[in-house]
Student: 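Handing you this structure, nothing more for now.
Quick note on labels: first sequence line is chain A, next is B, and so on, each numbered from 1. All heavy atoms count here, side chains included; hydrogens, waters and symmetry mates do not. It should be emphasised that the depicted structure is a prediction, and the values quoted were computed from it without experimental measurement.
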Amino acid sequence: MLFQDQYQQQRIEKGKALQVLGHNPYRHNIIKDTSTKEFLECYEYVIESELKRDENKNNTVVGRIKFLRHMGKAAFAKIEDEQGLLQIYFSRESIGEAWFDEAKKLVEVGDIISVTGFPFVTKTGELSLHVNTLEVATKSIVPLPEKFHGLQDKELRYRKRYLDMIMNADVRKTFKIRSKIVSEIRHFFEERDFLEVETPMMHPIAGGANAKPFITHHNALGVDRYLRIAPELYLKRLVVGGFEAVFEINRNFRNEGMDQTHNPEFTMIEFYWAYHNYHDLMRLTEEMFDVLLKKLKLPRKLPYGDFEIDFSKPFRKIGFRAALAEIGDIPDQILDDRAQIVTYITNKGFTVEKNLSLGKLYEELFDLFVEEKLIDPTFIMDYPIEISPLARRSEIDPNIAERFELFIAGREIANGFNELNDPLDQYERFAKQLQAKNAGDDEAHEMDEDYVYALGYGLPPTAGQGLGIDRLTMLLTNEMSIKDVILFPAMKPLGESDDLTQKDEE
RNA sequence: GACUCGUUAGCUCAGUCGGUAGAGCAUCUCCCUUUUAAGGAGGUGGUCGAUGGUUCGAAUCCAUCACGGGUCACCA
């Protein structure tokens with residue numbers, strides 16, 4: 001049974017007492033005519049006025065009590081709405097003796113109240129609302145955490161995000177910025193005539209990325225479905241169909257580990273642009289960052305943790321192999337020999353699988369020695385073809401894909417490439433992935449024959465890109481954990497295991 | 001998945017060498033009509049994450065488990 005706690009019981013009793021007094025503790029006919037912020041802005045002049053009050057004004061402000069100080073026959077409180085805090089003052093004189101004496105006992109921190117009155121300035125110079133009418137809008141029966149230290153416990157903050165939001169104004173701010181980021185990105189692409197689309201979240205084949213999928217079951221069709229790991233293959237089908245610029249902002253699901261930069265469901269924007277190439281994508285990406293920083297009023301030298309990320313210059317561009325040598329300080333002459341690379345990695349104190357292909361070894365080298373050094377925005381270009389199964393092959397070097405990834409603060413933020421539109425080449429690459437999968441690589445790409453068939457009708461020359469919204473938000477809000485930019489991050493259940501498949505079998 | 005740190009009152013935290021648990025805030029009873037984490041006086045509140053073990057005796061030592069943080073692995 002809920003609400004058995006002694007403090008909660010006390011508050012329930014107070015709610016009942018309010019009801020008896022004719023003050024419905026869950027009123028619904030509350031009209032809020034002014035926000036705390038509007039009140040403070042509107043009556044700023046009162047601070048300079050001679051009387052320090054303007055009794056001709058009358059406003060109703062509604063908010064949650066965050067602080068409450070009783071002083072015998074008067075009281076101060078701070079109420080908070082979405083815009084901020086406002087101090088209010090009420091007394092025996094202002095709201096009536098009988099109601100004041102009851103309210104003193106029955107109205108407490110956490111309650112949402114409606115107050116009507118006029119602006120005045122206190123002795124200490126704080127613009128406040130002098131209450132003439134006070135009504136309880138919603139009685140809160142669960143007490144709030146301590147007012148000074150607030151809610152610190154990370155587990156509680158993530159599990160009870162609503163409480164986190166009540167207690168921590170910064171959290172509300174972060175998620176407002178997130179919303180703004182998504183909105184500005186959407187606007188950015190719409191302005192450039194990209195069409196927003198929605199493609200399936202439940203896929204018969206988990207394609208478009210190398211990742212382990214979640215599996216679910218569709219009863220009506222009697223088939224298993226995968227929660228999508230990427231929308232890529234559907235978006236490109238749309239380009240085949242004639243949409244020349246499309247984008248989708250939505251969730252992907254990957255059944256993998258969780259840490260500071262990984263949540264099992266995460267938000268990506270993917271966009272595809274026919275008759276453009278990956279250089280156009282890089283240009284567009286830089287433009288997008290430029291717009292975002294402007295719209296969010298962020299500095300060009302953006303602080304992030306211990307770093308300062310320099311957005312004031314054009315993003316650095318460097319080839320994948322050149323990055324290994326120049327940024328990773330890996331001797332160029334070992335890069336053509338698998339054995340030498342393995343020796344090099346081993347000598348540096350890391351373990352590496354000996355049988356990896358050259359491309360996979362490059363990827364290892366990159367992850368070990370280059371990635372974390374890419375603090376300022378950097379496009380790494382021209383990836384090994386075998387780790388890029390959906391990207392177009394370079395005409396100059398068949399081992400290289402016309403692909404880039406954008407790194408900021410040592411993390412991958414975006415991945416883009418010229419789309420492979422040769423159906424026969426795509427078929428072969430899928431076949432190779434299938435071999436790898438059969439050899440035990442459970443993250444290798446699935447064969448998707450319908451997709452290859454779609455390419456058979458002709459995918460125009462197209463460039464496409466994915467960009468992680470969560471990581472972007474972390475960057476722009478200076479948050480270190482993805483959990484702090486996802487409203488309800490994945491958490492293990494408390495108590496009884498909720499293994500649904502097991503329940504079914506029982 | 002591995003390693004590591006943590007889990008004590010509603011919240012934030014102390015708890016010494018193993019000797020039956022403490023503070024602040026909140027709450028309750030009083031006092032207080034301009035406070036700013038208001039103040040003053042007095043009270044209530046705990047199966048010390050769970051289960052075992054060691055011991056005359058465990059919040060404290062040991063083991064296992066649960067959840068969380070961090071690091072690594074996998075990955076975006």
Student: Between B:G69, B:A37, B:A76, which nucleotide gets closest to the side-chain atoms of A:Lys483?
Tutor: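 Side chain of A:Lys483 sits closest to B:G69.
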Student: Have a look at A:Asn255 and say if it touches a base, only the backbone sugar-phosphate, or nothing, with a 4.0 Å heavy-atom cut-off.
Tutor: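 Answer is nothing: A:Asn255 stays at 4.0 Å or more from every strand.
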Student: With rounding to the closest Å, how many angstrom separate the C1' atoms on B:C65 and B:U7?
Tutor: 14 Å
Student: Any sub-3.5 Å donor-acceptor pair from A:Lys66's side-chain atoms to A:Ile166's backbone N or O?
Tutor: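 Checking the backbone N and O of A:Ile166 against the side chain of A:Lys66, a donor-acceptor pair under 3.5 Å is found.
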Student: Mind calculating the distance between CD (A:Gln152) and P (B:U12) to the nearest angstrom?
Tutor: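 Taking atom P of B:U12 as the reference, CD of A:Gln152 is at 7 Å.
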Student: Under 4.0 Å between any heavy atoms, over every strand shown, what does A:Thr261 touch: base, sugar-phosphate, or nothing? Just pick one.
Tutor: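 Base contact - A:Thr261 has a heavy atom under 4.0 Å of at least one base atom.
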Student: For a quick check, tell me whether the side chain of A:Glu108 and the base of B:U27 share a donor-acceptor pair closer than 3.5 Å.
Tutor: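 Side chain to base: no pair below 3.5 Å.
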Student: Tell which nucleotide pairs with B:A63, taking only Watson-Crick or G-U wobble pairs whose two distances are both under 3.5 angstrom.
Tutor: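 Because both required distances fall under 3.5 Å, B:A63 counts as paired with B:U51.
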Student: Is there a stack between A:Phe148 and B:A37, judged by ring centres under 5.5 Å and planes under 30°?
Tutor: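 Stack criterion met.
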Student: Do we see A:Phe266 stacking on the base of B:A76, given a limit of 5.5 Å between centres and 30° between planes?
Tutor: yes
Student: When you get a sec, tell me which of B:A76, B:U35, B:U12 is the closest nucleotide to the side chain of A:His149?
Tutor: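 Nucleotide nearest to A:His149's side chain: B:U12.
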Student: Answer with yes or no whether the side chains of A:Gln83 and A:Thr36 bring together a donor and an acceptor at under 3.5 Å.
Tutor: no
Student: Whole Å only: how far is the CZ atom of A:Phe90 from the P atom of B:U34?
Tutor: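 After rounding, the gap between these two atoms is 14 Å.
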Student: Can you work out whether A:Ala209 or A:Ser128 has the more 5'-proximal nearest nucleotide on RNA chain B?
Tutor: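 First, find each residue's nearest nucleotide; the 5'-ward one identifies A:Ser128.
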Student: Given the P atoms of B:U16 and B:G22, what is the spacing between them in whole Å?
Tutor: 13 Å
Student: First locate atom CD of A:Glu198, then atom CG of A:Asn250, and finally report the distance between them rounded to the nearest 0.5 Å.
Tutor: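 Output value for this atom pair is 6.5 Å.
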Student: Distance check: side-chain N/O of A:Arg69 vs OP1/OP2 of B:A38, anything under 4.0 Å?
Tutor: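 True: A:Arg69 side-chain N/O within range (under 4.0 Å) of B:A38 OP1/OP2.
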Student: In the structure shown, which nucleotide is the Watson-Crick or G-U wobble counterpart of B:A9, with both distances under 3.5 Å?
Tutor: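 B:A9 is paired with nothing.
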Student: Looking only at the side chains, is there a donor atom on one of A:Ser35 and A:Glu82 sitting less than 3.5 Å from an acceptor on the other?
Tutor: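 A:Ser35 vs A:Glu82: no donor-acceptor pair found between side chains.
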Student: In whole Å, measure the gap between the C1' atoms of B:A59 and B:G49 for me.
Tutor: 12 Å
Student: Indicate, with a heavy-atom threshold strictly under 4.0 Å, whether A:Arg159 touches base, sugar-phosphate, or nothing.
Tutor: sugar-phosphate
Student: Determine the interatomic distance between P on B:G46 and the same-named atom on B:C5; round to the nearest Å.
Tutor: 32 Å
Student: Determine the Euclidean distance between corresponding C1' atoms of B:U60 and B:G6; express it in Å to zero decimal places.
Tutor: 15 Å
Student: Taking any strand in view, what nucleotide pairs with B:C72 in a Watson-Crick or G-U wobble way, both distances under 3.5 Å?
Tutor: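 By the stated definition (distances under 3.5 Å), B:G1 pairs with B:C72.
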Student: Under 4.0 Å: is that the gap between some side-chain N or O of A:Lys147 and OP1 or OP2 of B:A26?
Tutor: yes
Student: Between the side chains of A:Glu479 and A:Thr473, does any donor sit under 3.5 Å from an acceptor?
Tutor: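 Looking only at side-chain atoms, A:Thr473 and A:Glu479 do not form any donor-acceptor pair under 3.5 Å.
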Student: Looking only at side chains, do A:Arg403 and A:Ser388 share a donor and an acceptor under 3.5 Å apart?
Tutor: yes
Student: Taking the minimum atom-to-atom distance to the side chain of A:Glu146, which one of B:C25, B:A76, B:U35 wins?
Tutor: B:C25
Student: For the side chain of A:Phe120, counting heavy atoms from C-beta on, which of B:U34, B:U35, B:U33 is nearest?
Tutor: B:U34
Student: Whole-Å distance between B:A26 C1' and A:Gln8 CD?
Tutor: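 Taking atom C1' of B:A26 as the reference, CD of A:Gln8 is at 13 Å.
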Student: Please determine, for the side chain of A:Ser91, which listed nucleotide (B:C67, B:A76, B:U33) has the closest atom?
Tutor: B:U33
Student: Within the structure, does a side-chain N or O atom of A:Lys154 lie under 4.0 Å from either OP1 or OP2 of B:G68?
Tutor: no
Student: Would you kindly give the NZ-to-P distance between A:Lys66 and B:C11, to the nearest whole Å?
Tutor: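 Taking NZ of A:Lys66 and P of B:C11, I get 17 Å after rounding.
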Student: Where does B:C61 fall, syn or anti, if syn means a chi angle no more than 90° from 0?
Tutor: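 It is anti.
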Student: Does B:U29 have a Watson-Crick or wobble partner in any strand here, with both distances under 3.5 angstrom, and which is it?
Tutor: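 B:U29 is paired with B:A41.
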Student: Check every atom of B:U33, B:G10, B:U35 against the side chain of A:Tyr7 and return the nucleotide holding the closest atom.
Tutor: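 Nucleotide nearest to A:Tyr7's side chain: B:G10.
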Student: Using Watson-Crick or G-U wobble geometry with both distances under 3.5 Å, which nucleotide pairs with B:U20?
Tutor: none
Student: Report yes or no: is there a donor-acceptor pair, N or O only, under 3.5 Å between the side chain of A:Tyr89 and the base of B:U33?
Tutor: yes
Student: Taking 4.0 angstrom as the limit, do A:Lys236 and A:Glu232 come out as a salt bridge?
Tutor: yes
Student: To the side chain of A:Ala74, which of B:U33, B:A37, B:U12 is closest?
Tutor: B:U33
Student: If I pick the P atom on B:G53 and the same atom on B:A58, what distance separates them, to the nearest angstrom?
Tutor: 12 Å
Student: Given B:A76, B:G68, B:U35, which nucleotide is nearest the side-chain atoms of A:Glu155?
Tutor: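 Looking only at heavy atoms from C-beta outward on A:Glu155, the closest nucleotide is B:G68.
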Student: Who is the Watson-Crick or G-U wobble partner of B:G57, with both distances under 3.5 Å?
Tutor: none
Student: Write down the distance separating the C1' atoms in B:A14 and B:C25, rounded off to the nearest Å.
Tutor: 15 Å
Student: Under a plain distance cut-off of 3.5 Å, with no hydrogens placed, do A:Ser357 and A:Arg338 share a side-chain donor-acceptor pair?
Tutor: no
Student: Take atom C1' in B:C13 and the same atom in B:C28, then report the distance between them in whole Å.
Tutor: 23 Å
Student: When all nucleic acid strands are considered with a 4.0 Å heavy-atom cut-off, which category describes A:Gly150: base, sugar-phosphate, or nothing?
Tutor: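 Since only primed, P, OP1 and OP2 atoms lie under 4.0 Å of A:Gly150, the category is sugar-phosphate.
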Student: Would you say A:Gln87 places a side-chain N or O within less than 4.0 Å of OP1 or OP2 belonging to B:U35?
Tutor: no
Student: Rounded to the nearest Å, what distance is computed from the CZ atom of residue A:Arg53 to the P atom of nucleotide B:U33?
Tutor: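 Result: 17 Å.
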Student: Atom CD1 of A:Ile141 to atom P of B:G10: distance rounded to whole Å?
Tutor: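 The answer, rounded to whole Å, is 16 Å.
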Student: Output the single nucleotide from B:C28, B:G68, B:G10 whose closest atom is nearest the side chain of A:Met491.
Tutor: B:G68
Student: Separation of A:Phe404 atom CZ from B:A76 atom P, in whole Å?
Tutor: 15 Å
Student: Between B:G39 atom P and A:Leu68 atom CG, what is the distance in whole Å?
Tutor: 13 Å
Student: Under 4.0 Å, heavy atoms only, any strand: does A:Gly257 hit a base, just the sugar-phosphate, or nothing?
Tutor: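 It contacts base atoms.
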Student: Please work out if A:Lys14 contacts a base, only the sugar-phosphate, or nothing of the nucleic acid, heavy-atom cut-off 4.0 Å.
Tutor: sugar-phosphate
Student: Between A:Gln10 and B:U44, is there a side-chain N or O to OP1/OP2 distance below 4.0 Å?
Tutor: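 For A:Gln10, the contact criterion (side-chain N or O under 4.0 Å from OP1 or OP2 of B:U44) is not met.
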Student: Closest approach to the side chain of A:Asp5, judged atom by atom: which nucleotide of B:U34, B:C13, B:G10 is it?
Tutor: B:G10
Student: Could you check if the base of B:U7 is syn or anti? Syn means the glycosidic torsion is within 90 degrees of 0.
Tutor: anti
Student: Hey, is the main chain of A:His149 close enough, under 3.5 Å, to the side chain of A:Gln152 for a donor-acceptor pair?
Tutor: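 Yes, the answer is positive, given that a donor and an acceptor are paired below the 3.5 Å cut-off.
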Student: Taking atom types as they are modelled, would you say the side chain of A:Asp153 forms a donor-acceptor pair with the base of B:C11 within the 3.5 Å cutoff?
Tutor: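 Result: no qualifying N/O pair found.
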Student: Taking the ring centre of each residue, are A:Phe247 and A:Trp273 less than 6.0 Å apart?
Tutor: no
